[in-house]
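Not measured: the values here are computed from a predicted model. Below, each value reflects all heavy atoms present in this structure, side chains not excepted, and no hydrogens, waters or symmetry copies.
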Amino acid sequence: MNKWLEFLKNNDFIGIKKYLKDNADVNDTNDSEESVLALAMRYRCDFDLVMLLVNAKADIYDFDEEGVSIFEMAITYDNLDMVKYIIDKGIDVNSTHRKSRFTPLMTAACYGRVDIAKLLIENGANKEAIDSKGISVIDFARKMNKKSILNLLDFDENAPKNTTYAR
C-alpha cells in the first residue's frame, strides 16, 4: 500500500499507469479497509487518474469498515465528476452501508456541497431521510450552519417544528 500512497499523494498518473502495468492490485486496501480508489478521493486526485483506476477495475461500489462508500468519499471531497459518474452507473442515491443510516444527502448537507446535493435530489435523494438517532438532513444542515443547503431543502425557520435547535 505504501507505493500506492506515494503515487496518490503526488497525483502521479504516469507512475500509477506503470504500476498497474506491473500488475499492482487496484483494489488493495489499507488497515482501515480504505481502497486505492477511496484514497484517490481523499487525496483529491485528478478525475483522469481516478478514471484510470476505475478502468483498471477499481470497485466503485466499495466501502470501508465503517460503511463509508466510494460514493460518499466523492461527496465528502467534492468530486462532482465522480458523483455524476457513479450516479450514471446506477447507484441508489439513498443507499448506505453505515449502521447509523447516514445517507449520501446527509454527507452533502454536512459538508455544504450544494451542487452535489442538487444532483442527489434531482436523482431521487430522500430529503426527509433520518438516521438511526432520528436526525434529519435538515437537522444536519442546521447543525453545520449550511444555509445554502437549508435553502435547497426549502427550510422554513419560522415553521413551529423548526423554532428549536435540533439535537
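- Atom CG of L37 sits about 13.5 Å away from atom NZ of K57, to the nearest 0.5 Å.
- Cluster membership check: Y111 does not share its hydrophobic cluster with Y77, using side-chain heavy-atom separations under 4.5 Å among Ile, Leu, Val, Met, Phe, Trp and Tyr.
- Of all non-hydrogen atoms in N79 and C45, the two that sit nearest each other are ND2-O, 4.4 Å.
- In this structure, F13 and D48 approach most closely via the heavy-atom pair CE1-O, 3.6 Å.
- Residues Y61 and K89 form a side-chain contact, since some pair of their non-hydrogen atoms from C-beta on lies under 4.5 Å apart.
- Judged by distance alone, with hydrogens and angles left aside, the side-chain atoms of T96 form a donor-acceptor pair with the main-chain N or O of F102 at under 3.5 Å.
- Residues H97 and E66 have side chains not in contact (no heavy-atom distance under 4.5 Å, counting atoms from C-beta outward).
- Between L20 and A56, the shortest heavy-atom contact is CD1-CB, 3.8 Å.
- Of the N and O atoms on the side chains of N27 and D59, not one donor lies less than 3.5 Å from an acceptor on the other residue.
- Closest heavy-atom contact between I135 and M106: O-CE, 3.6 Å.
- In this structure, CZ on R142 lies 12.0 Å from CG on L153, to the nearest 0.5 angstrom.
- Between the OG1 atom in T107 and the CD1 atom in I75 there is a gap of 5.5 Å [rounded to 0.5 Å].
- Residue N55 qualifies as enclosed at atom CG: its count of foreign heavy atoms under 6.0 Å is above 12.
- For D62 (side chain) and I70 (main-chain N/O), no donor-acceptor pair under 3.5 Å exists by modelled atom type.
- Atom NZ of K9 sits about 4.0 Å away from atom OH of Y43, to the nearest 0.5 Å.
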Checklist entry - How far apart are the C-alpha atoms of E34 and M73, what are their side-chain angles, what is the distance that settles it, and do they pass the side-chain contact (heavy atoms from CB on, under 4.5 Å) test? => result CA-CA 10 Å; E34 287 180 305; M73 294 285 289; 4.2 Å; yes

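- Screening V93, I60, T76 for a side-chain contact (heavy atoms from CB on, under 4.5 Å) with F71, the sole residue that qualifies is V93.
- To the nearest 0.5 Å, atom CD of residue E65 and atom OG of residue S32 are 5.0 Å apart.
- Considering only heavy atoms from C-beta on, V54 comes within 4.5 Å of Y85 through its side chain.
- Within the 4.5 Å cutoff, the side chain of V114 has heavy atoms near those of the K118 side chain.
- Proximity of Y19 to D12: side-chain heavy atoms (C-beta onward) are nowhere separated by under 4.5 Å.
- With hydrogens and angles ignored, the 3.5 Å screen pairs a side-chain donor or acceptor of N94 with a backbone N or O of N126.
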Checklist entry - Could you walk me through whether F140 and D131 pass the side-chain contact (heavy atoms from CB on, under 4.5 Å) check? => result CA-CA 10 Å; F140 281 110; D131 73 359; 3.5 Å; yes

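- Side-chain contact between K127 and V137 is absent, with no heavy atoms from C-beta onward closer than 4.5 Å.
- The two residues I116 and A74 have their closest heavy-atom pair at CD1-O, 4.3 Å.
- Across all their heavy atoms, A141 and I149 have their closest contact at CB-CG2, 3.8 Å.
- Side-chain contact of N151 with S148: a donor-acceptor pair under 3.5 Å is absent, judged by distance alone.
- L8 places a side-chain heavy atom less than 4.5 Å from the side chain of L49.
- Panel note: side chain N30, backbone E33; a donor-acceptor pair is recorded below 3.5 Å.
- L120 and F63 fall into different hydrophobic clusters, where Ile, Leu, Val, Met, Phe, Trp and Tyr residues are linked whenever their side-chain heavy atoms come under 4.5 Å apart, directly or through other members.
- Salt bridge annotation for R98-E72: present, with a cationic side-chain nitrogen under 4.0 angstrom from a carboxylate oxygen.
- A distance-only check finds a donor-acceptor pair linking the side chain of W4 to the backbone of D25 [under 3.5 Å].
- To the nearest 0.5 angstrom, D139 atom CG is 9.5 Å from I130 atom CD1.
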